[in-house]
2 protein chains.
Amino acid sequence: MIDDLPQTLRSDALDNRERILDAARALFATEGMDVPMREIARRAGVGPATLYRRFPTKQALATEAFTEQMHACNTIVEEGLADPDPWHGLCLVIEKLCELHARNRGFTTAFTSAFPHAVDLAAGREHALTSLAELARRAKDTGHLRPDFVLDDLILMLMANGGLHATSTNARVAASRRFAALAIRAFQA
Amino acid sequence: MIDDLPQTLRSDALDNRERILDAARALFATEGMDVPMREIARRAGVGPATLYRRFPTKQALATEAFTEQMHACNTIVEEGLADPDPWHGLCLVIEKLCELHARNRGFTTAFTSAFPHAVDLAAGREHALTSLAELARRAKDTGHLRPDFVLDDLILMLMANGGLHATSTNARVAASRRFAALAIRAFQA
DNA sequence: AGCTAAACGGACGCCGGCGTCCGTTAGCGT
DNA sequence: ACGCTAACGGACGCCGGCGTCCGTTTAGCT
């Protein structure tokens, strides 16, 4: 019950922990957030107990597993912000974000419907959003982005992008690409 | 096992059947397609056996339950087709379809990912789509609809519309409305 | 009113995911 | 090399949904 963590994991434990995270990332991406915990354990080659010992709940695991993707998200936004042409930058961001989400079935759910307690993710999310707001402001100034655009519209689009169900990842990515193009058209002044 | 149906149901059976369908419609709409069969039975005030006797599988039930909505779908498209201004008609269709789907969480899944064997639904679906294609052709002729528009774009949007998760129906409908507006902008020439 | 078969629904056994306990294994410090 | 303890994972009991069986009820016909 009380696991007064000794702060320093044994080498094999550390190794397992990493393998669990890898398995979780892979399965969350392809199968979505509703994969059984045991499936992840199996894939990682560990017993259920080991999995639960490291990550007591599924969302603890998800939070950890997705920080990587969260960083990717922020990187994408930073890149867009760095683009000399804000509108072009915004377009790139939209395209890349859509693709990222399409490749990670579970990430979208984690990102949009953000579980109540996934604090770490929420932080990254907010950071990405404020940067996005800044990018949008600049893009509006160039006159290429509709003046009545609001950030919620973009979130709406990302959510909607998550609705693109398809069995294969490739099909989903393809659909997502077309969707991104349509979204961009909708935002264009 | 073999239920050589006597074609004519007893009055109480008929009554239960109707109550089951009502319950199913209500629950599919609010909870989505993954409500337990027993939940539907409970709501209808019948035992599980009765439910399974009438509808051996969930998709048999869904097929029957959604024919009503499928008709609504077709009616919407017909109305759009009857509009003197095809582009205006198309816009109405998009708005109404999005709202219809937003109000019926389960219908979208049934309509887009259309279960393998839901033949009845598929028929109605195809009919709606051909009518839509005709409407789109006319709207293009007026010059208001983008020339490179394809019917798949609309389906893509409907699928995406299904991704708009929200706890309350009202919130979902609101989001759907904004989404429809964006979709229309994307399709506009 | 009485009979018969249609219809009902409570109860059962099965399955798969869940979270935990405890006997065994093996890292690591001496 | 050896012991101590962190770490492991098989196994357990629980729960909820599933689909079906069978004893009971009741509609409908004469």
Side-chain angles (χ1 to χ4, degrees), chain A residues 1-24 26-28 30-65 105-106 109 115-118, chain B residues 1-24 26-28 30-65 105-106 109 115-118:
Chain A
M1 179 72 70
I2 305 109
D3 199 346
D4 47 333
L5 45 154
Q7 306 295 13
T8 170
L9 288 168
R10 231 168 59 179
S11 67
D12 55 345
L14 209 73
D15 189 44
N16 279 338
R17 189 189 135 88
E18 218 48 51
R19 289 224 306 289
I20 288 173
L21 281 174
D22 283 345
L27 286 175
F28 283 154
T30 60
E31 310 296 326
M33 207 55 71
D34 49 356
V35 286
M37 283 294 247
R38 287 192 143 67
E39 181 83 12
I40 299 176
R42 230 168 298 153
R43 172 102 162 214
V46 304
T50 301
L51 172 52
Y52 281 112
R53 193 174 310 114
R54 294 289 155 249
F55 307 95
T57 165
K58 188 185 280 189
Q59 69 172 247
L61 174 56
T63 305
E64 193 86 13
R105 220 166 157 173
T109 17
F115 319 23
H117 300 299
Chain B
M1 179 75 68
I2 305 109
D3 200 345
D4 46 333
L5 46 155
Q7 306 295 13
T8 169
L9 288 168
R10 230 168 60 179
S11 66
D12 55 346
L14 209 72
D15 189 44
N16 279 338
R17 189 189 136 88
E18 218 48 51
R19 289 224 307 288
I20 289 173
L21 281 174
D22 282 346
L27 287 174
F28 283 155
T30 59
E31 310 295 325
M33 206 55 72
D34 48 357
V35 286
M37 283 293 246
R38 287 195 144 66
E39 181 82 13
I40 299 176
R42 229 167 301 153
R43 172 101 162 215
V46 303
T50 301
L51 173 52
Y52 281 112
R53 194 174 309 115
R54 294 290 154 249
F55 307 95
T57 164
K58 188 186 284 189
Q59 68 171 250
L61 174 56
T63 305
E64 193 86 13
R105 219 166 157 173
T109 17
F115 318 22
H117 299 301

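We name chains A, B, ... by the order of the sequence lines, and we start the count at 1 in each one. Values reported hereafter were calculated over all heavy atoms of this structure, with side chains retained and with hydrogens, waters and symmetry mates removed.
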Any chance you could measure Thr50(A), atom OG1, to Phe55(A), atom CZ, to the nearest 0.5 Å? 11.5 Å
Please give, in whole Å, the distance from dC8(C) P to Arg17(B) CZ? 12 Å
Run the side-chain contact (heavy atoms from CB on, under 4.5 Å) check on Arg105(A) and Thr30(A) step by step: do they pass? CA-CA 6 Å; Arg105(A) 220 166 157 173; Thr30(A) 60; over 6 Å; no
Would you mind reading off the distance between Glu31(A) atom CD and dG17(C) atom C1', rounded to a whole angstrom? 16 Å
In whole angstroms, the gap separating P of dG17(D) from CD of Glu39(B) amounts to 8 Å
Would you say Arg53(A) reaches dT20(C)'s phosphate, i.e. side-chain N/O to OP1/OP2 under 4.0 Å? no
Name the residue closer to the 5' end of DNA chain D, choosing between Asp12(B) and Val35(B) according to the nucleotide with the nearest heavy atom. Val35(B)
Separation of dT20(C) atom P from Met37(A) atom CE, nearest Å, is 10 Å
Kindly determine whether Glu64(A) and Arg17(A) satisfy salt bridge (Lys or Arg N to Asp or Glu O under 4.0 Å), including the steps that lead there. CA-CA 11 Å; Glu64(A) 193 86 13; Arg17(A) 189 189 135 88; 2.8 Å; yes
Let me see the working for Leu61(B) and Met37(B) under side-chain contact (heavy atoms from CB on, under 4.5 Å), right down to the final yes or no. CA-CA 10 Å; Leu61(B) 174 56; Met37(B) 283 293 246; 4.3 Å; yes
Out of dA7(D), dA11(C), dC8(C), whichever nucleotide has its closest atom nearest the side chain of Ala13(B): dC8(C)
Nucleotide dG16(D), atom C1' - distance to CG of Asp34(B) in whole Å: 14 Å
Please report the distance, rounded to the nearest Å, between CG in Leu14(A) and P in dC8(D). 10 Å
Under 3.5 Å, is there a donor-acceptor pair between the side chain of Lys58(B) and the main chain of Pro36(B)? no
Using a 4.0 Å heavy-atom cut-off across all strands, classify Ala49(A) as base, sugar-phosphate, or nothing. base
Please check the phosphate of dG19(D) (OP1 and OP2 only) for any side-chain N or O of Arg38(B) closer than 4.0 Å. no
Within less than 4.0 Å of OP1 or OP2 of dC8(D), is there a side-chain N or O belonging to Asn16(A)? yes
Distance in angstrom units between Asp15(A) CG and dC8(D) C1', rounded: 13 Å
Rounding to an integer number of Å, can you tell me how far Lys58(A) NZ sits from dC18(C) P? 6 Å
Using heavy atoms to find the nearest nucleotide of DNA chain C for Arg10(B) and Thr50(B) separately, return the residue whose nucleotide is more 5′. Arg10(B)
Which nucleotide in the set dC18(D), dA27(D), dG27(C) lies at the smallest distance from any side-chain heavy atom of Ser11(B)? dA27(D)
